[in-house]
There are 4 protein chains.
Amino acid sequence: MAGSVNKVILVGNLGRDPEVRRMNSGESVVNLNIATSESWRDKQSGERKEKTEWHRVVIFNENLAKIAEQYLKKGSKVYVEGQLQTRKWQDQTGAEKFTTEIVLQRFRGELTLLDGRAGGGEQSEYQGGGSDFGRSSPLEAPRGGGQARQPAATSSYAADLDDDIPF
Amino acid sequence: MAGSVNKVILVGNLGRDPEVRRMNSGESVVNLNIATSESWRDKQSGERKEKTEWHRVVIFNENLAKIAEQYLKKGSKVYVEGQLQTRKWQDQTGAEKFTTEIVLQRFRGELTLLDGRAGGGEQSEYQGGGSDFGRSSPLEAPRGGGQARQPAATSSYAADLDDDIPF
Amino acid sequence: MAGSVNKVILVGNLGRDPEVRRMNSGESVVNLNIATSESWRDKQSGERKEKTEWHRVVIFNENLAKIAEQYLKKGSKVYVEGQLQTRKWQDQTGAEKFTTEIVLQRFRGELTLLDGRAGGGEQSEYQGGGSDFGRSSPLEAPRGGGQARQPAATSSYAADLDDDIPF
Amino acid sequence: MAGSVNKVILVGNLGRDPEVRRMNSGESVVNLNIATSESWRDKQSGERKEKTEWHRVVIFNENLAKIAEQYLKKGSKVYVEGQLQTRKWQDQTGAEKFTTEIVLQRFRGELTLLDGRAGGGEQSEYQGGGSDFGRSSPLEAPRGGGQARQPAATSSYAADLDDDIPF
DNA sequence: TTTT
DNA sequence: TTTT
């Protein structure tokens with residue numbers, strides 16, 4: 001269809017560490033579980049309410065997949081831009097299921113770490129568009145040895161994210 | 001969570017007329033099925049490819065629901081802004097299902113008709129935000145006339161869902 | 001700054017034909033003037049009000065520049081996505097001026113024609129991201145013919161700016 | 001114009017404390033200076049490059065103005081959503097000037113603090129749309145006494161923002 | 001200068 | 001089920 005737009009913009013926190021799948025082609029595909037939430041005061045009861053929504057993000061964009069793998073961890077706050085895609089699959093009983101995901105296709109989408117201060121001043125923002133754009137040095141000088149990403153500090157917030165993840 | 005954003009922006013075409021459900025409160029909730037699609041030339045085969053994605057949009061915003069009911073029809077091109085929401089339900093066999101929708105909550109979201117020329121110069125854009133903003137005259141002088149689209153099946157929401165497809 | 005986003009999304013109409021500048025490199029840079037407008041009913045007076053905003057868009061993305069040149073004309077409705085950029089310049093009196101533009105950098109941004117029906121079924125949507133994505137056939141089989149829009153003033157950029165208005 | 005969209009999305013840091021102007025009506029209008037920046041490696045020289053863009057944000061939305069006043073300070077990272085507006089003015093010599101701003105109109109726009117952890121677990125996100133939505137408790141229990149917002153810690157980053165602000 |  |  002000439003003239004369509006399919007765009008999702010999320011700012012939220014990872015409910016768990018990124019899941020990395022290595023493809024036969026050598027490329028990686030990274031899955032993120034991202035929580036967004038809203039809070040408000042109920043007009044009737046006066047109570048504070050909060051509702052968390054969980055989003056499944058799939059990163060095929062190679063540069064962004066690398067960055068996700070290297071810099072994101074449970075609890076990280078990120079800006080993500082991708083497109084909606086619903087795919088059909090069958091569970092073990094053969095029942096038809098649908099899953100809607102936010103997909104960052106090859107060369108497309110955006111991913112920006114919003115709390116990058118932790119971890120030593122490294123940046124990790126990257127725009128999906130161009131091959132000559134975005135941060136290159138993190139890719140050239142990746143996480144290196146064992147001093148790397150600490151195993152997902154069980155900070156209070158990250159802990160909150162632990163339950164109720166539907167996927 | 002302090003600091004989260006959950007936003008979907010679509011430009012696409014309605015696959016069928018809006019579905020309007022009248023609530024007991026007197027308010028209407030409108031469902032839209034919107035198609036977005038992408039086309040590209042396959043690098044291997046050189047063939048033209050196209051992929052269409054279908055989106056289920058649910059409008060709780062009263063002003064936008066009115067506009068959708070009055071001005072949108074099968075084939076209309078619209079700009080829609082809402083938020084992602086996944087809800088769990090059970091099909092007739094008791095199997096658990098998830099459906100992800102783009103929701104325009106009360107006072108929130110945006111809806112703009114992009115091919116309003118047809119139909120006699122009527123405008124129908126409206127921003128969800130403010131009570132003193134947006135087009136009011138279409139609401140004051142609705143489509144009227146007998147030629148109009150019939151005022152929407154009062155099917156229950158549950159009834160709409162009792163088949164094995166997501167929408 | 002790790003973690004920043006600078007994004008503009010416009011849906012509006014071209015106030016005049018695209019302006020194309022041919023660079024020494026052989027690439028083209030295209031400028032668009034896009035109008036967006038809002039209408040509302042004034043609460044005090046009850047009068048209908050309308051306000052139009054004009055936006056200057058600059059397309060460095062080569063693929064999108066080609067599409068703009070070939071398919072857009074005065075009155076076209078487009079979806080544009082780019083980033084804000086303010087540049088300083090001096091008018092003929094030496095006075096300092098600032099102009100803010102929506103810029104589609106190389107490999108970045110999006111441009112989609114929203115009223116492509118006119119012109120014979122040609123599509124012209126294109127996503128800025130990938131080199132293997134988007135419409136290729138319009139590029140392979142461009143508008144041709146002598147009836148075409150003239151290939152754009154080769155005025156220098158400075159020349160365009162030497163009056164006292166921002167664009 | 002039926003069918004137009006004028007939207008800006010920024011994630012960036014405040015270059016200085018919010019500027020609050022009290023109107024005769026008793027309402028406040030808040031101005032923010034927000035920096036976004038990009039970094040990349042230059043293909044020719046191999047050098048790291050960085051470019052910062054400054055944005056002037058004007059908040060007429062009362063709820064968001066309150067939140068900006070209470071919770072934002074120099075260096076704060078925010079998500080802002082508003083619309084582009086260019087206004088003409090005259091400098092002291094009578095010369096005509098144009099300034100483009102990101103405006104959050106009454107009942108419109110969004111503002112979300114992205115580094116709210118500092119300051120005692122207070123949230124400050126708020127969606128501009130609805131009167132019954134968004135966080136209310138920060139408004140009911142504002143900054144309170146002297147323990148309040150520390151005077152814009154001259155952290156290294158904030159310090160970097162100090163120079164080169166064009167407005 | 002567009003569009004409705 | 002739309003649109004090109």
Side-chain angles (χ1 to χ4, degrees), chain A residues 1-6 86, chain B residues 10-19 31-40 48-57 71-78 80 112-126 134-135 137-138 160 163 165-167, chain C residues 10-19 31-40 48-57 71-80 112-126 134-135 137-138 163 165-167, chain D residues 1-6 86:
Chain A
M1 180 188 322
S4 73
V5 173
N6 173 358
T86 298
Chain B
L10 300 177
V11 175
N13 295 273
L14 271 69
R16 49 177 188 254
D17 284 347
E19 297 156 21
N31 281 258
L32 307 178
N33 286 294
I34 295 183
T36 58
S37 104
E38 299 183 291
S39 63
W40 69 97
R48 181 77 54 78
K49 304 272 196 172
E50 179 166 30
K51 186 163 180 294
T52 293
E53 193 69 36
W54 287 97
H55 309 272
R56 182 178 174 82
V57 173
Y71 297 102
L72 302 187
K73 58 176 191 295
K74 182 175 175 174
S76 296
K77 174 160 292 197
V78 288
V80 172
T112 304
L113 176 54
L114 296 178
D115 53 4
R117 265 85 60 176
E122 288 287 1
Q123 285 189 359
S124 37
E125 98 190 276
Y126 190 85
R135 293 291 319 335
S137 91
D160 289 347
D163 34 30
I165 55 168
F167 51 85
Chain C
L10 300 178
V11 174
N13 296 272
L14 272 68
R16 48 178 190 252
D17 284 347
E19 298 155 20
N31 283 258
L32 307 178
N33 286 295
I34 295 183
T36 57
S37 101
E38 298 183 291
S39 63
W40 69 98
R48 181 77 55 75
K49 305 272 196 171
E50 179 165 31
K51 185 163 181 294
T52 294
E53 193 69 36
W54 287 96
H55 310 273
R56 182 178 176 83
V57 173
Y71 297 101
L72 301 188
K73 59 176 191 296
K74 183 176 174 173
S76 295
K77 174 160 290 195
V78 288
Y79 172 96
V80 172
T112 303
L113 177 54
L114 296 179
D115 52 4
R117 266 81 65 176
E122 289 286 3
Q123 285 188 356
S124 36
E125 98 190 276
Y126 190 86
R135 294 290 318 341
S137 92
D163 34 30
I165 56 168
F167 51 84
Chain D
M1 181 186 325
S4 73
V5 174
N6 173 0
T86 299

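In the text below, chain A, chain B and the rest are named by the order of the sequence lines, each starting its count at 1.
- Distance B/Lys51 NZ to F/dT2 P: 18 Å, rounded to the nearest Å.
- Atom C1' of nucleotide F/dT3 and atom CG of B/Leu114 are separated by 13 Å, given to the nearest angstrom.
- Here E/dT3 is the nucleotide among F/dT4, E/dT3, F/dT2 with the atom lying nearest to any side-chain atom of C/Ser37.
- Distances from the side chain of C/Asn33 to the nucleotides E/dT2, F/dT2, E/dT1 place E/dT1 closest.
- Between C/Lys73 atom NZ and E/dT2 atom P the separation is 14 Å, expressed in whole Å.
- In this structure, CZ of B/Arg56 is placed 18 Å from P of F/dT2, rounded to the nearest angstrom.
- The side-chain ring of C/Trp54 is stacked on the base of E/dT1, judged by centre separation under 5.5 angstrom and plane angle under 30 degrees.
- As a whole-Å value, the separation of C/Tyr79 OH from E/dT3 C1' is 19 Å.
- Side chain A/Ser4 to base F/dT3: no donor-acceptor pair is found below 3.5 Å.
- Taking atom CD on B/Glu19 and atom C1' on F/dT2, their separation rounds to 14 Å, with Å as the unit.
- Atom-to-atom, NZ of C/Lys77 to P of E/dT4 comes out at 7 Å; the value is rounded to the nearest Å.
- B/Asp115 has its CG atom 10 Å from the C1' atom of F/dT3, to the nearest Å.
- Of the possible donor and acceptor atoms, one in the side chain of A/Ser4 sits under 3.5 Å from a partner among the backbone N and O of B/Ser37.
- In this structure C/Lys49 satisfies the side-chain hydrogen bond (donor to acceptor under 3.5 Å, both in side chains) test with no other residue, sequence neighbours excluded.
- In summary, of the residues considered (C/Leu114, C/Thr112, C/Leu14), a side chain to side chain contact (heavy atoms under 4.5 Å, CB included) with C/Val78 occurs for C/Leu14 alone.
- Looking at B/Asp17, its side chain does come within 3.5 Å of a backbone N or O of B/Lys74 through a donor-acceptor pair.
- The B/Arg16 side chain lies nearest to F/dT1 when the options are F/dT1, F/dT2, E/dT2.
- C/Asp115 places a side-chain N or O within 3.5 Å of a backbone atom of C/Lys77 that can act as its donor or acceptor partner.
- Among the nucleotides F/dT3, E/dT4, E/dT2, the one closest to the side chain of B/Glu50 is F/dT3.
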